[in-house]
Amino acid sequence: MLKIAVCVKQVPAYSEGLMDPETGVMIRAGLESVLNVYDLPAIETALRIKEEAGALVDVFTMGPAKASAVLKEAYAMGADRGYLVNDSCFSGADVLATSYTLMQAIQSTEDYHLILCGRQTTDGDTAQVSGAIAKWLDIPHVNWVTEILHVAHDSITVRQAMEEEIVTVKATYPCLLSVERSIFLPRLPSLKGKIAAKKKDINVLSLADMEDQEESHYGLTGSATKVEKIFPPAKTAQRDIIQKDSQEAANYILEVIKKVNK
Amino acid sequence: MGRQLIYPMEERYQEYLSDESKMVGKADSISFPENEGEILEIIAEMNACHTPVTIQGGKTGIAGCAVPARGHVLNLSHMNQVKAFNKTAQGEALLKVEPGMTLLELKKAIKKLKTEEELFWPPDPTESSSTVGGIASCGAKGICSRLYGDTRKYIQAARVIQWDGSVKEIKRGETTVSFLGREKDLLDVYLGGEGMFGILAELTLRLEPRPKEMWGISFFFEKKEDAFTFADNLMTEDLQVEGASIAAAEYMDRATIDAIEERKEMMTALKELPDVGAEVAAMIYIEIHGMEEEAVEEIAEILMELAVRCDSDPDRAWAVSGETEIEKMRVFRHAAAESANLLIEKIRQREPRITKLGTDMSLDKEDFQSVIAKYEADIAQEGLKACIFGHIGGNHLHINILPEDYEEYEKGCKLFEAWAKEIAAQQGKVVTEHGVGKLKKPLFLQTASKDCIEEIQRLKHTYDPAGMWNPENMI
């Protein structure tokens, strides 16, 4: 049976852009947490493959104990097993350390054929973790995936939206896909699934479960970068008042759109 | 020299002559005061020339309360600030706000409060651009009134500007007035008063601890009769679990669902929800609020069993939790009203005499099944189309007639009159939470008791002897 791992993250439902000045880590306390919206289509993709071709769908998330809520949500949608990657030494991780930790967690669990990630998170916004996991595992990575064309026993064929062209890619297993939000509209959890999810266990993976147990490779110490400052971008909004007749105004708007889209 | 406060009613202010009732009024001038001092200046000027004033908020009302009949429009949407927050010795959390603050702004303001526990203001008519002043004036309650009750419970005091320009601070429990042989809190004369007795220039809202757990569940039914049975069982089954309660129970028929689905392309928030299957004949949305996770789950399990008994598949029921996800469900529910309004707007482009035809009647003496069956039979008999949605509690349904032409509109009006008389005769409410305004005034006058109308007239004469406020509303 096809084995699929999906990486998801619990993120603040909204951000006030606050950061701990000492660690450079975003302050999340007191904010409502949700499953990253970019990861929902990744779960949906896995579930569609499961429904059509049969598969085991495991979901991984790295975070504090309360992050298990996103695994429960994945259960309610139809995921089979959830893994909370949690250890005090994992906290404060940047892209490098996060991808390394997730790679260790995935590797310690199963030999997955397919790893699915969302395009990016709404808090970090780097869109780099999926590529980094693939690099650590030394497997093919296809990002910007907008369509699953064919699922075979040894490979998957997908459509990839490059900047100026659409590319059809056939990747042999094991491989990692990073999917776009548009790939599928994620299903809502069902009542039956949500109630069953509450009773389902969450598997916790700590440093002791990893192949590499060297603490300094994880978390803040294993990170190559540190956030210096988080600040809202300078407002560049510009307001022009145009007074023209409707035809001229329409042409003017068209010119502005062309200029912006260049 | 102060800034200009009063503007002639030019074309650019046309939108302020209407609200979601789709009625269009008339006015000579308009103002957008930014503080109490500016209101007083405007009122002095209007008093001097005996010009009546229509008070306006977010223009989201559907009974035409804020549609001007003549005179001046006093739009309070620029008065949207928090004035103060304090906790009383009894532990009550009180937030003083200006009346033009929208629900969305209020939610953001509450989130910013530095309190030990999360707070919220329970009245939530789902239209996030409605203003606190508008909600207070027409007594809008929203979908969670099943649990939280009337809006007035959550308004502790108000600062009222009277017809002569004097300002009165009214606190709940301090003064009563006689009304229909009973003592009524003076504050409650103004709350639900549809702006007929004075301007609510400041409101003190009572906030409550936010439920820690919230679930939203949408049940789908292939036969509408199953939905009716489910609705009736909701009212009779024992759904009491310590630590959690059903806060909302809302019905939507297929025509409503279709109207919402048609809007999906235009509304980003709706696009995030899956399509409702073509086989679905009706849906029921339920919200459970509680402080204990287990208690909320216990109610959800009872509902799941009930749904199975009523042929609704719990594997297909949408179930979400948390504020953000619940908001998606509420957007869907709110889209019911908005979609009906939009359909009316389209019809109005062909026939401008048509206004919204939506009921706000409630009757809790009968079961849901017989009430809705009666509405459906009458609509079918007249050959009309309608969207039916609303609150299951109290059988408080919003029947929105969708006339094809003026002839059908008139048929709809007659149907409304007949229903209003019938409901009044059974001691139901003809106007429950949308206000009487101008649109429902004929119905109200036909169905309210003579004593009640005379008492309102007496209060109007007492608190607005010059006939300054909101002419043509209610009486």
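Keep in mind the model is a prediction, meaning the values are calculated, not measured. Per chain, numbering begins at 1; letters A, B, ... match sequence-line order.
The number of heavy atoms from other shown groups lying within 6.0 Å of NZ (A/K200) is above 12. For A/Q247, the CD atom counts as loosely surrounded, since its 6.0 Å shell holds 12 or fewer non-hydrogen atoms of other residues, nucleotides or ligands. Within a 6.0 Å sphere centred on NZ of B/K271, heavy atoms belonging to other residues, nucleotides or ligands number more than 12. Applying the 6.0 Å contact sphere to NE2 of B/H78 captures more than 12 heavy atoms from other residues, nucleotides or ligands. For B/E15, the CD atom is densely surrounded, since the number of other residues' heavy atoms within 6.0 Å is greater than 12. Heavy-atom neighbours of B/E116 CD from other residues, nucleotides or ligands within 6.0 Å: at or below the threshold of 12.
Judged as a salt bridge (Lys or Arg N to Asp or Glu O under 4.0 Å), and not counting sequence neighbours, B/E294 has no contacts.
Listed options B/E325, B/K328, B/E272, B/R316 were ranked by heavy-atom pairs under 4.5 angstrom with chain A; first place goes to B/E272.
Between the A/E32 side chain and the B/E323 main chain, a donor and an acceptor come within less than 3.5 Å of each other.
Contact record, B/P314 with A/S190: O-CB, 3.8 Å, taken as the closest heavy-atom pair. Between A/K198 and B/E293, the closest heavy-atom pair is NZ-OE2, 2.6 Å. Shortest non-hydrogen contact noted between B/T324 and A/A13 is OG1-CB, 3.3 Å.
Between the CG atom in A/L188 and the CE atom in B/M329 there is a gap of 4.5 Å [rounded to 0.5 Å]. Of the inter-residue distances, the one linking A/K194 atom NZ with B/I217 atom CD1 reads 9.0 Å to the nearest 0.5 angstrom. Rounding to the nearest 0.5 Å gives a distance of 7.5 Å between CD1 of A/I195 and CD of B/E297. How far CD of B/E301 is from NZ of A/K192: 12.5 Å, rounded to the nearest 0.5 Å.
B/W215 places a side-chain heavy atom less than 4.5 Å from the side chain of A/L191.
The contact between B/S321 and chain A is made by backbone and side chain atoms together, counting heavy-atom distances below 4.5 Å. Only the side chain of A/K199 comes within less than 4.5 Å of a heavy atom of chain B; its backbone N, CA, C and O stay farther away.
Interface with chain A: from residues 273-285 of chain B, residues B/L273, B/P274 qualify, criterion being any non-hydrogen pair under 4.5 Å.
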